[in-house]
Amino acid sequence: MNGRIRSTSAGRRAGTDSRYSRRGQRLAAQPRREIRHVVVDTDCGIDDALALLYLAGRPRDCELAAVTTVHGNAPVEAVVANVGHVLGLAGPPDVPVAVGAGGPMDGSRRAASGTHGSDGLGDLVAAKTPPRAAVGEAAARYLAGLARGRPGHYDLLTLGPLTNVALALELEPELLTLFRSVLVMGGSAGDTNVRHDPGAARRVLAAPRTRLLHLGVDVTSTVVADDEAVRRLRAAGTARGEFAAALVERYIDAYEGRWGRRAAPVHDALAAALLLRPAWITAARTEPPAGTVVVTDVDREAFVADLLRTLALDF
């Protein structure tokens with residue numbers, strides 16, 4: 001196949017002849033967009049790292065304003081190291097990083113699946129650079145402070161269990177109304193981010209909000225990377241492309257045993273892209289409480305072209 005990332009046939013847009021073009025024509029350059037100031041709450045695994053690389057590679061329309069860390073794909077200490085390493089490679093040096101919850105709100109412990117390796121980044125990096133702008137307060141308090149300090153300024157992207165956000169709601173019950181928008185990666189009981197702290201998810205999903213988007217694995221699993229994606233990323237000859245290729249290859253290795261084919265989803269990278277490009281949401285439904293939108297389909301062709309181009313950029 002010609003593409004680097006494959007999608008299932010469901011949801012492909014009518015009249016699109018190629019995943020890189022519409023009606024046989026290359027996608028035109030997009031006009032400059034309004035900059036979004038993005039706060040990422042993450043349990044930094046492989047696809048989280050791809051999302052951070054994507055956001056860091058879009059300086060014309062995204063300021064990576066802060067990162068908060070949470071348990072999930074790895075213990076929170078490993079997550080902090082992973083975030084530090086990815087930002088050290090590709091992010092601005094002054095992105096604040098706050099350490100968050102080490103486990104679910106009920107005090108239980110849930111082991112990581114192993115899909116992301118023992119350290120969350122596929123055990124690809126022996127020595128990691130710590131965050132260069134560590135924050136001296138817990139992630140929940142930091143999130144509440146950001147939201148109160150500049151209401152309507154920040155967009156919140158949650159890529160892991162919702163523990164930090166639920167704890168921040170205890171400090172600021174109107175938290176979700178103070179962000180410009182919130183995008184939650186995971187929306188159903190079967191999604192890993194919900195299963196890792198269902199109590200936190202219930203609190204967050206019941207809280208008042210201005211605009212909250214759910215993006216579930218039912219959608220993200222339909223866009224997958226394969227070995228051709230790895231080859232194309234490496235062929236770019238850039239540091240970012242090589243690192244992204246290594247991450248994708250490790251993810252494919254992990255999913256091969258589960259799916260029986262050489263392919264893996266790019267869940268969190270899609271979430272990051274939709275936060276910046278809500279126009280790529282091609283189908284959605286509204287649900288209570290007010291302000292809730294559940295994504296049911298996306299423009300795969302536009303996403304694929306932009307993701308691969310961005311991941312291939314040099315640092």
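Bear in mind that the values here come from a model prediction, so they are computed numbers and not experimental data.
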Where the side chain of [X] meets the backbone of [Y], is there a donor-acceptor pair that is under 3.5 Å apart?
X: D268; Y: A49; value: no
X: N82; Y: D119; value: yes
X: D191; Y: N193; value: no
X: R203; Y: L167; value: no
X: H71; Y: A101; value: no
X: R240; Y: L53; value: yes
X: D123; Y: S118; value: yes
X: T69; Y: A98; value: yes

Task: Face-on cation placement of R258 at Y255 ring, 6.0 Å and 45° thresholds - done: yes
Open item on the list: Please say yes or no: joined through hydrophobic side-chain contacts below 4.5 Å, possibly via intermediate residues, are V295 and V204 part of one cluster?
Closed with: no
Open item on the list: Hydrophobic clustering (ILVMFWY, side-chain heavy atoms < 4.5 Å, transitive) - are V224 and V219 grouped together?
Closed with: yes
Task: Minimum-distance pair of heavy atoms, taken over all atoms of L159 and V40 - done: CD1-CG1, 3.8 Å
TODO: Can you see which heavy atom on A239 is nearest to which on D314, and at what distance?
DONE: N-OD1, 3.3 Å
Open item on the list: Any carboxylate oxygen within less than 4.0 angstrom of a Lys/Arg side-chain nitrogen, looking at R261 and D226?
Closed with: no
Open item on the list: Assess whether a salt bridge exists between D306 and R309, defined as any Lys/Arg side-chain N lying under 4.0 Å from an Asp/Glu carboxylate O.
Closed with: yes
TODO: Please lay out, stage by stage, how D41 and T68 fare under the test side chain to side chain donor-acceptor pair (under 3.5 Å).
DONE: CA-CA 5 Å; D41 187 66; T68 54; 2.5 Å; yes
Open item on the list: Other residues, nucleotides and ligands only: do more than 12 of their heavy atoms fall within 6.0 Å of CZ on R180?
Closed with: yes
Open item on the list: Using a 6.0 Å cut-off, check whether atom CZ of R211 has over 12 heavy atoms from anything other than its own residue.
Closed with: no
Task: Inter-residue atom distance T222.OG1 - L270.CG, 0.5 Å rounding - done: 7.5 Å
Open item on the list: Determine whether T296 and R285 satisfy the following criterion, side chain to side chain donor-acceptor pair (under 3.5 Å), listing intermediate values before the conclusion.
Closed with: CA-CA 7 Å; T296 58; R285 66 178 185 271; 5.6 Å; no
Task: Partners meeting side chain to side chain donor-acceptor pair (under 3.5 Å) with H214 (sequence neighbours left out) - done: none
- [ ] Please list all pairs passing the salt bridge (Lys or Arg N to Asp or Glu O under 4.0 Å) test where one or both residues lie in residues 143-169, with sequence neighbours left out.
- [x] R36-D155, R148-E172
- [ ] Could you check if a side-chain atom of D43 sits within less than 4.5 angstrom of a side-chain atom of H116, using non-hydrogen atoms only?
- [x] no
TODO: May I ask you to list the residues sharing a hydrophobic cluster with V76, side-chain cutoff 4.5 Å, ordered by chain and number?
DONE: V80, V99
